[in-house]
Amino acid sequence: MWVKIHKSSRRAVIAICDNDLLGKKFEQDIRQLNVSESFYKGQQMSKQEVLNLMKIESSKATFNIVGKDSIQSAIEIGIMDKTAIKKIKNIPFIIIV
């Protein structure tokens, strides 16, 4: 998975996406999902590394997560509710604040 941490003075935003989605854009009706390299391409991490990061940062960060594998990781550690998942062109995504 690709992970990029955007730091600000208030709260970090952690962008996570599946490897195969990086750099792609999906459109459905008026909605658009842009998995841009500038926002998501930080470093590649294994599933275990992503799980550890989510556990450590879950109470301190906002997460922007795209893709089945990345979303599944968030579900596994319990930082999100499955009912909050949205999809564009069958690509799941979620923002966790």
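Contacts classified as side chain to side chain donor-acceptor pair (under 3.5 Å) and involving residues 82-97 (residues at least two apart or in different chains) are given here: D81-T83.
Exactly one of V3, I71, V50, I85 qualifies for a side-chain contact (heavy atoms from CB on, under 4.5 Å) with I65. That residue is I71.
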Quick one: do F63 and I79 satisfy side chain to side chain contact (heavy atoms under 4.5 Å, CB included)? Show the steps, please. CA-CA 10 Å; F63 291 87; I79 64 168; 4.2 Å; yes
For side chain to side chain contact (heavy atoms under 4.5 Å, CB included), just list the numbers for I88 and E27, CA-CA rounded to whole Å, side-chain angles, deciding distance to a tenth of an Å, and then say yes or no. CA-CA 7 Å; I88 294 178; E27 295 182 20; 5.8 Å; no
Steps toward side chain to side chain contact (heavy atoms under 4.5 Å, CB included) verdict (V66, D18): CA-CA 7 Å; V66 179; D18 290 1; over 6 Å; no
Evaluate I75 against M80 for side chain to side chain contact (heavy atoms under 4.5 Å, CB included), listing each step before the verdict. CA-CA 6 Å; I75 292 170; M80 59 165 281; 3.9 Å; yes
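The CD1 atom of I14 sits 10.0 Å away from the CD1 atom of I96 when rounded to the nearest 0.5 Å. Separation of atoms NZ (K4) and SG (C17) is listed at 11.5 Å; rounding is to 0.5 Å.
With a 4.5 Å cut-off on side-chain heavy atoms, N34 and F39 do not count as touching. A heavy-atom distance below 4.5 Å is found between the side chains of I16 and M54.
No continuous path of ILVMFWY side-chain contacts below 4.5 Å connects I95 to V35, so the two sit in separate hydrophobic clusters.
Applying the side-chain contact (heavy atoms from CB on, under 4.5 Å) criterion to Q48, with sequence neighbours excluded, gives S46, L51, N52.
Judged purely by atom type and a 3.5 angstrom limit, N64 has no side-chain atom pairing as donor or acceptor with the backbone of A15.
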